[in-house]
Participant: 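Okay, handing you the structure first.
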Amino acid sequence: QVQLVESGGGLVQPGGSLRLSCLAGAFTFRPYAMNWNWYRQDQENERELVATLTSSGRTTYADSVKGRFTISEDKTKSTVYLQMSSLKPEDTAVYHCNTRVWDSHSNAYDYWGRGTQVTVSS
């Protein structure tokens, strides 16, 4: 089991910025490949994939956040970030960090953080 701990959420005014962090605990095995994802979920909608960072460094974003959010990684700190700017009220949600990890036998494992609340409101 790998622990993921998110931080950085809070209340921000429309147009503001926040940076979410996801600190990863130690892996019990050496990953062959891994993707990092940020999801969000509010009370009305299903969980939405917001951003992905692959092992090769490729990033993808939901259309709703393109040009405003950036996912990145600092391997020296075992931390993945989601930089959010030009925030809108509709960005309000609980944001969850997820990693999908593959071992050398192509077995995939999903790990989740508990989430951090982001509220965009004036």
Side-chain angles (χ1 to χ4, degrees):
Q1 188 74 14
V2 176
Q3 284 194 329
L4 303 180
V5 180
E6 303 98 333
S7 61
L11 174 64
V12 63
Q13 291 187 342
S17 299
L18 280 176
R19 188 178 77 162
L20 305 184
S21 299
C22 174
L23 176 63
F27 287 86
T28 57
F29 61 94
R30 187 181 184 91
Y32 182 75
M34 60 193 303
N35 287 354
W36 288 99
N37 304 295
W38 283 97
Y39 286 83
R40 67 184 180 187
Q41 186 166 21
D42 59 27
Q43 292 181 345
E44 297 179 355
N45 299 309
E46 293 184 356
R47 188 164 57 193
E48 176 188 20
L49 177 59
V50 173
T52 295
L53 172 64
T54 69
S55 294
S56 62
R58 181 172 176 257
T59 58
T60 57
Y61 300 93
D63 287 341
S64 57
V65 306
K66 268 181 191 173
R68 300 188 298 121
F69 290 12
T70 302
I71 186 171
S72 62
E73 179 184 19
D74 185 339
K75 292 183 179 180
T76 65
K77 297 181 179 179
S78 300
T79 302
V80 174
Y81 301 99
L82 185 68
Q83 178 68 48
M84 308 184 295
S85 59
S86 302
L87 284 162
K88 306 174 182 179
E90 51 263 42
D91 294 318
T92 296
V94 176
Y95 284 72
H96 294 270
C97 177
N98 159 265
T99 184
R100 171 159 287 187
V101 181
W102 288 267
D103 63 19
S104 58
H105 302 288
S106 300
N107 297 310
Y109 304 88
D110 275 300
Y111 301 101
W112 292 89
R114 292 188 174 183
T116 184
Q117 175 70 47
V118 172
T119 302
V120 184
S121 175
S122 55

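Residue indices begin at 1 and follow the sequence shown.
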Participant: Can you find a pair of side-chain heavy atoms, one from T59 and one from F69, that are under 4.5 Å apart?
Facilitator: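 T59 does not reach F69 side chain to side chain.
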
Participant: Around Q41, counting heavy atoms of other residues, nucleotides and ligands shown, do more than 12 lie under 6.0 Å from its CD?
Facilitator: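 Atom CD in Q41 is crowded, with more than 12 foreign heavy atoms closer than 6.0 Å.
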
Participant: For the backbone of R68 and the side chain of S85, can you confirm whether one donor and one acceptor N or O come within less than 3.5 Å of each other?
Facilitator: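 Yes.
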
Participant: Going by the salt bridge (charged side-chain N to carboxylate O under 4.0 Å, His left out) test, which pairs reach into residues 24-44, not counting sequence neighbours?
Facilitator: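 Every pair satisfying salt bridge (charged side-chain N to carboxylate O under 4.0 Å, His left out) with a residue in residues 24-44: R40-E48, R40-D91.
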
Participant: Using 0.5 Å steps for rounding, measure from the OG atom of S106 to the OH atom of Y32.
Facilitator: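 OH of Y32 is found 7.5 Å from OG of S106.
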
Participant: Under a single-linkage rule joining Ile, Leu, Val, Met, Phe, Trp and Tyr whose side-chain heavy atoms are separated by less than 4.5 Å, which residues share a cluster with L49?
Facilitator: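 The other cluster members (ILVMFWY side chains, heavy atoms under 4.5 Å, direct or chained) are Y39, W112.
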
Participant: About how many Å separate CG of L11 and OG of S122, when rounded to the nearest 0.5 Å?
Facilitator: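 Output value for this atom pair is 9.5 Å.
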
Participant: Honestly curious: do M84 and Y61 fall in one hydrophobic cluster under the side-chain, below-4.5 Å linking rule?
Facilitator: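 Hydrophobic grouping puts M84 with Y61.
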
Participant: Passes side chain to side chain donor-acceptor pair (under 3.5 Å), N37 versus T52? Steps please.
Facilitator: CA-CA 4 Å; N37 304 295; T52 295; 2.7 Å; yes

Participant: So, S121 and T119: side-chain donor and acceptor under 3.5 Å apart, yes or no?
Facilitator: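 Their side chains do not contain a donor-acceptor pair, so the 3.5 Å distance test is not met.
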
Participant: What is the distance from atom CZ of R19 to atom OG of S7, rounded to the nearest 0.5 Å?
Facilitator: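 Reported value, rounded in 0.5 Å steps: 9.0 Å.
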
Participant: Check for me, please, whether W36 and Y111 land in the same ILVMFWY cluster - side-chain distances under 4.5 Å, paths through other members count.
Facilitator: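 Linked, W36 and Y111 end up in one cluster.
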
Participant: Treating E6 as the side-chain partner and T116 as the backbone partner, does any N or O pair qualify as donor plus acceptor under 3.5 Å?
Facilitator: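 Flag not set: sc E6 to bb T116 has no pair under 3.5 Å.
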
Participant: Working to the nearest 0.5 angstrom, can you tell me the gap between W102 CH2 and M34 CE?
Facilitator: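 The CE atom of M34 is 9.5 Å from CH2 of W102, to the nearest 0.5 Å.
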
Participant: Donor-acceptor pair, distance only, cut-off 3.5 Å: does the side chain of N98 make one with the backbone of G113?
Facilitator: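 No; zero donor-acceptor contacts below 3.5 Å.
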
Participant: Looking at every non-hydrogen atom in both residues, tell me the closest pair between S17 and S86 and how far apart they are.
Facilitator: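 Reported closest heavy-atom pair: OG-N, 4.4 Å.
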
Participant: At their closest point, which heavy atom of L82 faces which heavy atom of A51, and how far apart are they?
Facilitator: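 Where L82 meets A51 most closely, the heavy atoms are CD1-CB, 4.0 Å.
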
Participant: Are V118 and V94 connected into the same hydrophobic cluster when the rule is that any two of I, L, V, M, F, W, Y join if their side-chain heavy atoms are below 4.5 Å apart?
Facilitator: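 No, no single cluster joins them.
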
Participant: Side-chain contact, heavy-atom cut-off 4.5 Å: L53 with S72?
Facilitator: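 No - every pair of side-chain heavy atoms lies 4.5 Å or more apart.
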
Participant: Is a side-chain donor or acceptor of Y81 paired with a backbone partner of T70 at a separation under 3.5 angstrom?
Facilitator: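 Answer holds: no.
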
Participant: Is a side-chain N or O of T92 found less than 3.5 angstrom from the main chain of V120, in a donor-acceptor match?
Facilitator: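 A pair under 3.5 Å: yes.
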
Participant: Please name the pair of heavy atoms, one in G25 and one in V2, separated by the smallest distance, quoted to 0.1 Å.
Facilitator: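 So the two residues come closest at O-CG1, 3.7 Å.
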
Participant: So, taking the atom named CG in L20 and the one named CD in Q83, what distance separates them when rounded to the nearest 0.5 Å?
Facilitator: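 So the gap between those two atoms works out to 8.5 Å.
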
Participant: State yes or no: do V80 and L23 share one hydrophobic cluster built from I, L, V, M, F, W and Y residues joined by side-chain heavy-atom distances below 4.5 Å, directly or via other members?
Facilitator: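 Unlinked, V80 and L23 end up in two clusters.
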
Participant: Is C22 close to W38 at the side-chain level, that is, under 4.5 Å between some pair of heavy atoms?
Facilitator: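 Result yes, sub-4.5 Å side-chain heavy-atom pair found.
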
